[in-house]
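Here's the structure, in structure tokens; my notes come after.
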2 protein chains.
Amino acid sequence: MRWEELDREPCSLARTLSVVGDRWTLLVLRECFLRIRRFEEFEQRLGIARHVLADRLKKLTEAGVLEKTPYQERPRREEYRLTEKGLALYPALLALLDWGDKFMSGKEGPPLLRRHKTCGHVVHAVTTCSECGEALDARAMTAEPGPGAPAGFVLPQRPSNKAVDK
Amino acid sequence: MRWEELDREPCSLARTLSVVGDRWTLLVLRECFLRIRRFEEFEQRLGIARHVLADRLKKLTEAGVLEKTPYQERPRREEYRLTEKGLALYPALLALLDWGDKFMSGKEGPPLLRRHKTCGHVVHAVTTCSECGEALDARAMTAEPGPGAPAGFVLPQRPSNKAVDK
DNA sequence: CAGATTGGGTTCCAAAAAAGAACTTGTCAA
DNA sequence: TTGACAAGTTCTTTTTTGGAACCCAATCTG
């Protein structure tokens, strides 16, 4: 499978990755959530090659995740801001961040903490069920074809092997 | 910045991406959550080049996200299974998936639905605050240096520009 | 018992993407 | 008239992928 075909896959993860799934895009978005908005700032903070940055900003803008708005005319200068669609990526970034805090921080602990303005506490994310409100975990979930599934779509069956299934 | 330096960045997102942030790894993990466990199955379902797959499985195993266990001797055959550390990535995958369901599904709707065994409903994830339980959104959060922050670490200040801030 | 098959890889070459540095463009200020 | 600034673009070199072929040990198959 080639990268440009990813957005046509019948899978919402693949489609999301067709927008944010390359080496740099999520780091660019991290900067956006820290309110970085200008080309030079992204470049300096990330140490990304300028043409790669230009390409990513263009693709994110075309995807409707960022929007380019002028902050001055003469000479015209533009900045990149998150749209609602971009802001909606926050839970995904937060989930990746929390995993890093938990599994990739050394004994020093996480480099950054996040405070919830609403309640005033330092917090992390808890992924809960939209229907019953309980915390979700992988073992309590099953997948099934949805309305957008292609005809004849079959989910893999749980393998009937005799593996060491302690 | 080169890719191998990513795991030393003082940022949990960068560190997480040093494990799952390349073109293929999250798709491999999607298969793992669908209980795909064998080399040939990954290859056939993903259409990934074999040596890239071998490399990704090795790296995920070294990172402690997957573990390689024999499912038969003579001839010895092994399969890859998610560890607890790997299962802990579920909220992140789910958040990316939900974003795709919401923004990347056409009018047909999402290709896959997820059912919560505990409550029996088709559900999506709601990211909530670990302290107050309210749903989290980007605008209600602020970042601050944590215990693992490098000395002299400064967060970017909100830019004091005169941008069109409707 | 020779030959094909299966699972899980490795090797090789060509194509695509990223790194790094230099060059461009429009505008203003000294 | 020269320099600086912001935001790119162009060029060359290195890394990563994609695609196909090959390897190998241990069964099946005839």
Side-chain angles (χ1 to χ4, degrees), chain A residues 1-6 9 14 17-28 31-32 36-62 66-81 159-163, chain B residues 1-6 9 14 17-28 31-32 36-62 66-81 159-163:
Chain A
M1 193 195 340
R2 242 181 265 62
W3 195 244
E4 323 89 60
E5 304 164 22
L6 209 54
E9 285 280 298
L17 293 179
S18 75
V19 178
V20 302
D22 77 287
R23 256 165 152 67
W24 282 108
T25 300
L26 285 171
L27 292 173
V28 170
E31 297 301 310
C32 293
I36 297 304
R37 309 206 236 258
R38 298 183 191 174
F39 194 92
E40 300 281 314
E41 287 185 285
F42 286 112
E43 194 222 338
Q44 284 158 29
R45 294 176 50 90
L46 291 172
I48 181 177
R50 297 177 71 89
H51 68 295
V52 176
L53 175 59
D55 180 73
R56 292 307 175 274
L57 290 172
K58 185 151 82 76
K59 284 185 176 147
L60 285 171
T61 304
E62 284 164 5
L66 299 182
E67 63 185 349
K68 203 173 176 177
T69 52
Y71 66 87
Q72 67 173 40
E73 301 289 340
R74 352 198 37 77
R76 189 178 183 85
R77 295 275 182 266
E78 323 234 37
E79 61 184 14
Y80 296 88
R81 285 168 178 249
S160 61
N161 62 36
K162 280 96 189 158
Chain B
M1 195 191 343
R2 242 182 262 63
W3 196 243
E4 323 90 61
E5 303 164 23
L6 209 54
E9 285 280 298
L17 293 178
S18 76
V19 178
V20 303
D22 76 284
R23 256 170 154 64
W24 282 107
T25 300
L26 285 172
L27 292 173
V28 170
E31 298 301 309
C32 293
I36 298 305
R37 311 208 233 258
R38 297 180 194 176
F39 193 92
E40 301 281 316
E41 288 184 284
F42 286 113
E43 195 221 337
Q44 284 156 30
R45 293 176 49 90
L46 291 172
I48 180 176
R50 296 175 71 89
H51 66 294
V52 176
L53 175 59
D55 180 75
R56 293 307 175 275
L57 290 172
K58 186 151 81 74
K59 284 186 175 146
L60 285 170
T61 304
E62 285 165 4
L66 299 181
E67 64 186 347
K68 204 174 175 176
T69 52
Y71 65 88
Q72 68 173 42
E73 301 288 339
R74 351 200 38 74
R76 190 181 182 84
R77 295 276 184 266
E78 321 232 41
E79 61 184 14
Y80 296 89
R81 284 170 178 248
S160 60
N161 64 35
K162 282 98 186 155

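Below, chains carry the letters A, B, ... as their sequence lines are ordered, and counting in each starts from 1.
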### Task
Report the distance from atom CD of B:Glu41 to atom C1' of C:dG9, rounded to the nearest whole Å.
16 Å

### Message
Below 4.0 Å from chain B heavy atoms, what is the first contacting nucleotide of DNA chain D and what is the last?
### Response
D:dT16 to D:dT27

Using a 3.5 Å cut-off and no angle test, enumerate the donor-acceptor pairs between side-chain atoms of residues 50-58 of chain B and protein atoms at least two apart in sequence or in another chain.
| unit_1 | atom_1 | unit_2 | atom_2 | d |
| --- | --- | --- | --- | --- |
| B:Arg50 | NH1 | B:Glu43 | OE1 | 2.6 |
| B:Arg50 | NH2 | B:Glu40 | OE2 | 3.1 |
| B:Asp55 | OD2 | B:Lys59 | NZ | 3.2 |
| B:Arg56 | NE | B:Asp22 | OD2 | 2.7 |
| B:Arg56 | NH2 | B:Asp22 | OD2 | 3.3 |

### Query
Looking across every strand, which nucleic acid part, if any, lies under 4.0 Å from B:Glu43 by heavy atom: base, sugar-phosphate, or nothing?
nothing

### Query
Do B:Arg81 and B:Glu67 meet the salt-bridge criterion of a basic N to acidic O distance under 4.0 Å?
no

#### Entry: Partners meeting side chain to side chain donor-acceptor pair (under 3.5 Å) with A:Arg76 (sequence neighbours left out)
A:Glu73, A:Glu78

### Query
Can you check side chain to side chain contact (heavy atoms under 4.5 Å, CB included) on A:Leu6 and A:Met1, steps first, answer last?
CA-CA 8 Å; A:Leu6 209 54; A:Met1 193 195 340; 3.5 Å; yes

### Task
Check the pair A:Cys32 / A:Phe42 against side chain to side chain contact (heavy atoms under 4.5 Å, CB included), numbers first and verdict last.
CA-CA 9 Å; A:Cys32 293; A:Phe42 286 112; 3.7 Å; yes

### Task
Give me the bend of the helix from C:dC1-D:dG30 to C:dA30-D:dT1, using the axes of the five pairs at each end, rounded to 10°.
20°

### Task
Considering non-hydrogen atoms only, spot the tightest contact between A:Thr25 and A:Val19 and give its length.
CG2-O, 3.6 Å

### Message
My understanding is that only residues two or more places apart in sequence, or in another chain, count here; which of them pass side chain to side chain donor-acceptor pair (under 3.5 Å) with A:Glu62?
### Response
none

### Query
Can you check whether B:Tyr80 has a side-chain N or O nearer than 4.0 Å to OP1 or OP2 of C:dG9?
yes

### Message
Generate the contact string for nucleotides 17-30 of chain C. Rules: B means base contact, S means sugar-phosphate contact only, - means no protein heavy atom under 4.0 Å.
### Response
SSBB-B---BSS--

### Query
How would you list, by chain and number, every residue that makes a side chain to side chain donor-acceptor pair (under 3.5 Å) with B:Glu9, sequence neighbours excluded?
none

### Query
Hey, mind stepping through A:Glu41 and A:Tyr80 against side chain to side chain contact (heavy atoms under 4.5 Å, CB included) and telling me if it holds?
CA-CA 11 Å; A:Glu41 287 185 285; A:Tyr80 296 88; over 6 Å; no

### Interatomic distance, B:Arg37 CZ vs C:dG7 P [rounded to whole Å]
16 Å

### Message
Holding to side chain to side chain donor-acceptor pair (under 3.5 Å), I want the full list of residues that pass it with A:Gln72, two or more places apart in sequence or in another chain.
### Response
none

### Query
C:dG9 phosphate, OP1 or OP2: any side-chain N/O from B:Lys68 under 4.0 angstrom?
yes

### Query
Out of curiosity, A:Leu26 CG to A:Glu31 CD, how far, rounded to the nearest 0.5 Å?
12.0 Å

